Visitor: 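Here you go, one structure.
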2 protein chains.
Amino acid sequence: MVNRSDSLDRVFRALADPTRRAMLTRLAKGQASIGTLGDPFAMTKAAVTKHVKVLERAGLLVRAVEGRVHTCRIDPAPLTKAEQWVEQVRSFWEGRLDELSNYLANTESRRAP
Amino acid sequence: MVNRSDSLDRVFRALADPTRRAMLTRLAKGQASIGTLGDPFAMTKAAVTKHVKVLERAGLLVRAVEGRVHTCRIDPAPLTKAEQWVEQVRSFWEGRLDELSNYLANTESRRAP
DNA sequence: GTTATTGTTTACCGCATGGTAAACCGTTCG
DNA sequence: CGAACGGTTTACCATGCGGTAAACAATAAC
């Protein structure tokens with residue numbers, strides 16, 4: 001029941017690579033062909049193809065084939081989902097009153113042995 | 001010069017696993033021992049140890065050893081950094097005026113061959 | 001019609017990852 | 001003391017991942 005290969009899995013995994021993050025940063029400024037996307041990196045076109053595929057399967061990148069050039073644009077929706085997950089955890093943590101009392105109790109018991 | 005094993009790498013990689021995300025969700029509600037943390041999952045203690053280590057090395061989890069029990073609490077700072085990265089990309093994308101004109105030009109050239 | 005351009009595909013390699021089993025270590029309890 | 005408890009460590013395994021080289025496919029240019 002673990003919902004394996006969840007979409008969040010793919011999104012976070014895609015974001016866990018500096019090359020892919022740089023590609024997204026580039027795409028955030030405007031669409032680009034795959035060649036342009038891979039230009040800043042010293043790697044094979046095959047490697048670039050793989051990275052683009054990872055981003056694509058995470059839903060972060062959308063491809064528009066026109067002739068022999070594949071133009072890529074970013075899709076921010078999965079970013080929003082990931083951000084919401086993080087924010088949810090953080091908000092839970094922000095409102096942790098029992099946790100705070102726990103911490104105080106702990107500190108107290110340590111300070112007054 | 002790619003700044004390998006960047007902290008964002010470790011954070012996003014840590015978040016890319018459903019078990020680890022569930023552990024963080026649990027920890028957001030309050031601190032817990034490692035045994036308690038691993039309780040919901042059908043896996044060995046060794047596996048739980050590994051997951052906790054991944055979270056720890058990503059800076060998302062802090063451990064307090066007291067006797068034989070290791071109490072874990074969440075540290076939201078790396079979450080904030082990750083969130084900021086995502087938000088930065090999104091904000092870049094939100095203000096993509098040239099991208100919009102690009103898109104329009106593209107559409108135009110397709111509609112008027 | 002040949003040649004160059006843009007990307008993909010297909011092995012293949014090295015290494016990290018998620019998991020297990022089993023031995024181990026330190027602490028607590030009876 | 002010895003036994004149980006809470007975690008870690010050490011092999012070990014299967015799988016996935018990032019990367020390459022080389023062959024291929026399709027479109028554009030000459």
Side-chain angles (χ1 to χ4, degrees), chain A residues 2-6 8-24 26-27 31-58 60-73 109-110 113, chain B residues 1-24 26-27 31-58 60-73 109-110 113:
Chain A
V2 184
N3 195 4
R4 204 189 305 275
S5 104
D6 189 282
L8 278 181
D9 286 30
R10 287 192 288 266
V11 173
F12 282 127
R13 185 135 235 166
L15 296 181
D17 185 279
T19 301
R20 251 124 54 188
R21 283 202 305 276
M23 285 178 169
L24 281 187
R26 168 64 183 79
L27 282 182
Q31 51 183 212
S33 75
I34 290 192
T36 305
L37 254 190
D39 224 39
F41 313 106
M43 59 177 68
T44 321
K45 293 184 172 186
V48 175
T49 294
K50 281 190 183 181
H51 281 302
V52 168
K53 264 193 202 169
V54 170
L55 289 168
E56 199 175 14
R57 278 193 286 248
L60 289 162
L61 181 152
V62 175
R63 181 193 310 239
V65 181
E66 186 139 7
R68 67 183 168 182
V69 56
H70 297 205
T71 300
C72 306
R73 64 173 176 82
S109 70
R110 278 177 132 189
Chain B
M1 258 37 123
V2 182
N3 194 2
R4 202 189 304 275
S5 106
D6 189 281
S7 83
L8 277 181
D9 287 30
R10 287 192 289 267
V11 173
F12 282 128
R13 186 136 231 162
L15 295 181
D17 184 281
T19 300
R20 251 123 55 188
R21 285 201 305 278
M23 285 178 168
L24 281 187
R26 168 64 183 81
L27 281 182
Q31 51 183 213
S33 76
I34 291 193
T36 305
L37 254 190
D39 222 39
F41 313 107
M43 58 177 68
T44 319
K45 292 183 171 187
V48 174
T49 293
K50 282 190 182 179
H51 281 301
V52 168
K53 264 193 202 167
V54 171
L55 290 169
E56 200 175 14
R57 278 195 285 250
L60 290 162
L61 181 151
V62 176
R63 182 192 311 237
V65 181
E66 186 139 7
R68 67 184 170 184
V69 55
H70 297 205
T71 300
C72 307
R73 66 175 175 81
S109 69
R110 277 177 133 191

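A note on names: the letters A, B, ... follow the listed sequences, proteins ahead of strands, and every chain is numbered from 1. A quick note: this is a predicted structure, and the numbers were derived from the prediction, not measured.
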Visitor: Take the protein atom NZ of B/Lys53 and the nucleotide atom P of C/dT17, then report the distance between them rounded to whole Å.
Guide: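 Distance check: B/Lys53 NZ to C/dT17 P gives 12 Å.
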Visitor: How does protein contact run along nucleotides 10-30 of chain D, one letter per nucleotide 5' to 3', with B for base contact, S for sugar-phosphate only, - for none, heavy atoms under 4.0 Å?
Guide: --------BBBB-----BS--
Visitor: Show me the pairs that pass side chain to side chain donor-acceptor pair (under 3.5 Å) and involve residues 47-56 of chain A, at least two apart or across chains.
Guide: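 Every side chain to side chain donor-acceptor pair (under 3.5 Å) pair that includes a residue of residues 47-56 of chain A, provided the two are not neighbours, is A/Arg20-A/His51, A/Glu56-A/Arg63.
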Visitor: Less than 4.5 Å apart, any side-chain heavy atom of B/Thr36 and any of B/Arg26?
Guide: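 They are in side-chain contact.
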Visitor: Measuring from atom CZ of A/Arg21 to atom CG of A/Leu15, what distance do you get when rounded to the nearest 0.5 angstrom?
Guide: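 The distance works out to 7.5 Å.
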Visitor: What distance do B/Asp17 atom CG and B/Leu55 atom CG have between them, rounded to the nearest 0.5 Å?
Guide: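 The distance works out to 8.5 Å.
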Visitor: Look at the side-chain N and O atoms of B/Ser33 and state whether any lies under 4.0 Å from the OP1 or OP2 oxygen of D/dG6.
Guide: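 The answer is no; no side-chain N or O of B/Ser33 sits under 4.0 Å from OP1 or OP2.
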Visitor: Give the rounded distance in Å between these two atoms: CD1 of B/Ile34 and P of C/dT27.
Guide: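 About 15 Å, once rounded to whole Å.
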Visitor: Between D/dT8 atom P and B/Leu37 atom CG, what is the distance in whole Å?
Guide: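 Nearest whole value for this atom pair: 11 Å.
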Visitor: Can you see which heavy atom on B/Leu60 is nearest to which on B/Ala14, and at what distance?
Guide: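 For B/Leu60 versus B/Ala14, the nearest heavy atoms are CD1-CB, 4.0 Å.
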Visitor: How many Å lie between NE2 on B/His70 and C1' on C/dT27, as a whole number?
Guide: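 Atom NE2 in B/His70 sits about 10 Å away from atom C1' in C/dT27.
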Visitor: With sequence neighbours left out, what residues match A/Thr44 under side-chain hydrogen bond (donor to acceptor under 3.5 Å, both in side chains)?
Guide: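 Partners of A/Thr44 under the side-chain hydrogen bond (donor to acceptor under 3.5 Å, both in side chains) test: none.
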Visitor: Roughly, in whole Å, what's the span from CG in B/Asp39 to P in D/dC5?
Guide: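 Nearest whole value for this atom pair: 14 Å.
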